Amino acid sequence: MARRWILLPTVALGGLWWWAVLRLVLAPEHTGVVEGAVAAGGWGLSLLPVHVASASSAARRRSGSGA
C-alpha cells in the first residue's frame, strides 16, 4: 500500500512533465510560462540525484561499512 502512495504521484508528475515537453515541441506558439517552467523544473530535478548525496551515506562510504 505504501508503494502505491509513492508510485501514483510519480507517474502523475512524470505525465505532467511529458505533457509540457511535448506541448513545447509540437505547438510552441500556444505554450506559455507554465509549460516552460514545468519542463525546465523537471529537467533540473533529473540532475539532482546525480549530484546530491546525504551526509550519512558519504560518511558511511568513507568509514568502509556498506549498506
Side-chain angles (χ1 to χ4, degrees):
M1 184 68 172
R3 187 177 184 136
R4 177 189 282 179
W5 291 110
I6 294 171
L7 186 62
L8 288 175
T10 303
V11 170
L13 289 173
L16 181 67
W17 183 81
W18 274 108
W19 168 78
V21 169
L22 288 175
R23 191 160 155 94
L24 280 168
V25 170
L26 298 175
E29 64 276 358
H30 297 294
T31 57
V33 175
V34 174
E35 288 91 348
V38 169
W43 178 79
L45 284 176
S46 71
L47 297 177
L48 189 66
V50 175
H51 300 290
V52 175
S54 66
S56 63
S57 66
R60 197 173 31 240
R61 263 184 282 154
R62 270 187 255 122
S63 71
S65 61

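This structure is a prediction, so every number in the text was calculated from the model and none was measured.
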Quiz item: Which atoms form the tightest heavy-atom contact between Ala39 and Ala20, and what is the distance?
Solution: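 What the structure gives for the nearest pair is N-CB, 4.2 Å.
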For residues 24-31, run the donor-acceptor check on the side chains, cut-off 3.5 Å, and write out each pair with its distance to 0.1 Å, sequence neighbours left out.
from  : atom 1 : to    : atom 2 : distance (Å)
Thr31 : OG1    : Pro28 : O      : 2.9

Quiz item: Name the one of Val21, Val33, Leu16 that satisfies side-chain contact (heavy atoms from CB on, under 4.5 Å) with Val38?
Solution: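 Output: one option passes, namely Leu16.
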Exercise. Can you tell me which residue pairs pass the side-chain hydrogen bond (donor to acceptor under 3.5 Å, both in side chains) test with a partner in residues 8-19, sequence neighbours excluded?
Key: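 Sorted pair list comes back empty.
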Quiz prompt | Pairs flagged by salt bridge (charged side-chain N to carboxylate O under 4.0 Å, His left out) wherever residues 8-23 is involved - sequence neighbours left out | solution =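 Of all non-adjacent pairs touching residues 8-23, those that pass salt bridge (charged side-chain N to carboxylate O under 4.0 Å, His left out) are Arg23-Glu35.
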